[in-house]
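See below for the structure under consideration.
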Protein chains: 2
Amino acid sequence: MATAPRPDFAFGEATLLLREILKLTKSMELDMGAALGTNPTDFAAMQHLMESGPLSPGELARRLGVSTAAVTGVIDRLEGLSHARREPDPDDRRRLLVVPEPESVRRALDRLLPLTRGAQGVLDELDEDERAVVTRYLSGIAAVYREQLGIEG
Amino acid sequence: MATAPRPDFAFGEATLLLREILKLTKSMELDMGAALGTNPTDFAAMQHLMESGPLSPGELARRLGVSTAAVTGVIDRLEGLSHARREPDPDDRRRLLVVPEPESVRRALDRLLPLTRGAQGVLDELDEDERAVVTRYLSGIAAVYREQLGIEG
DNA sequence: GTTATTAGCTAACCAACTTAACGATATGCT
DNA sequence: AGCATATCGTTAAGTTGGTTAGCTAATAAC
């Protein structure tokens, strides 16, 4: 009873590892944010800007899953820290573009790249067939999640 | 430039899938919470109570990574919804035990079990060697994360 | 048996969201 | 062309979930 109070929770090793990764990811988000002096949401915004280039506040809101009003705050904070700036959108004067500052991008990449390189390194140690197995597993897990959320969460 | 504004972000398929899973997990946490009418933190507390049985507020705070003051609020909300109740700890009269209500546990499991069963199902479709590959991959990823966080996050 | 520590709570505060309303621009319709 | 409608970002006001600091009660240490 002390070690297994609820028999329903008998997880496989892979499942436990996945859970640990999810937990580590949360710490990572805090850590990443700390690197730029931001909260996780603001850092996530930076990630989108780094990956996709300048984005409108509306698009940023959509990607972050928050209201456009909240994104105004995100941009205010990023601008306050000189991580990004507002520029007018030449094609639509209602809209604007949030442009990441190169120096901040560099700093963020300093944190992000070791992670992605490390992840890639793990994959590189696997052969083609093994990578396929991993892909199959992850696809399966993603499918299970999507199904529970009602296809497309 | 439109499709690949930053060449630094060339992710492998597995990495993209892992990212998607992380994203789905967040939706899942909201979804789970909604099932009990709670926020993700409160649901996470329920998960710990379900897995480990009654816990003290302090232990709950430690596991959730929030202050004990915040946990007072968590327990207040769970009690308000009759998902758990406070009981005195027979061994230490300063302490108390947060006990999950069976009916709420049942409702939470209704949501959780399909997920864990689904995840287990994905694993069941792999043979022994393949499962070892998955474990190796996930261990590697976890190690990379831990390393970046400075061993033990 | 006093002193120090621990447990949980309250109080006061704060950060990050939400919805609603608003001004400015763009789009669609006739 | 010109008016009605929709869209974009912002502001304003309110809510939520967290923080730290300080308190009381109970236990542990010497």
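Below, read A as the first sequence line, B as the second, and so on, with proteins coming before strands; counting in each chain starts at 1.
Residue Gly58(A) is classed as a sugar-phosphate contact, given heavy-atom separations below 4.0 Å to backbone atoms only.
Counting only heavy atoms from C-beta outward, the side chains of Glu59(A) and Val98(A) never approach each other to under 4.5 Å.
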(message) Between Arg63(B) and Glu51(B), is the salt bridge (Lys or Arg N to Asp or Glu O under 4.0 Å) condition met? List the steps.
(response) CA-CA 12 Å; Arg63(B) 294 193 186 202; Glu51(B) 287 190 40; over 6 Å; no
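Applying the side-chain contact (heavy atoms from CB on, under 4.5 Å) test to Arg86(A) and every residue at least two apart in sequence or in another chain returns Thr72(A), Ile75(A), Asp76(A), Glu79(A), Leu96(A). By the side-chain contact (heavy atoms from CB on, under 4.5 Å) test, Asp42(B) is found to be paired with Thr38(B), Asn39(B), Val74(B), Arg77(B), Leu78(B), residues two or more places apart in sequence or in another chain being considered. Shown here are the side-chain contact (heavy atoms from CB on, under 4.5 Å) partners of Glu103(A), two or more places apart in sequence or in another chain: Arg106(A), Arg107(A).
Interface residues of residues 85-99 of chain B facing DNA chain C, ordered by number: Arg86(B), Arg94(B), Arg95(B), Leu96(B); criterion, heavy-atom separation under 4.0 Å.
Not one side-chain nitrogen or oxygen of Asn39(A) sits closer than 4.0 Å to the OP1 or OP2 atom of dA15(C).
The two residues Ala142(A) and Glu20(B) come nearest to each other via the heavy atoms CB-OE1, 4.4 Å.
If you find the closest nucleotide of DNA chain C to Thr38(A) and to Ser56(B), the one lying nearer the 5' end belongs to Ser56(B).
Rounded to whole Å, the distance from CG on Asp76(B) to P on dA11(C) is 12 Å.
Each side chain to side chain donor-acceptor pair (under 3.5 Å) pair with one or both residues in residues 135-145 of chain A, not counting sequence neighbours, appears once here: Arg136(A)-Glu130(B).
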Name the pairs: protein N/O against N/O of nucleotides 18-23 of chain C, kept only if under 3.5 Å.
from: dT18(C); atom 1: OP2; to: Ser67(A); atom 2: N; distance (Å): 2.9
from: dT18(C); atom 1: OP2; to: Ser67(A); atom 2: OG; distance (Å): 2.5

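For Arg111(B) and Asp31(B), the salt-bridge test passes: some basic side-chain N is under 4.0 Å from an acidic carboxylate O.
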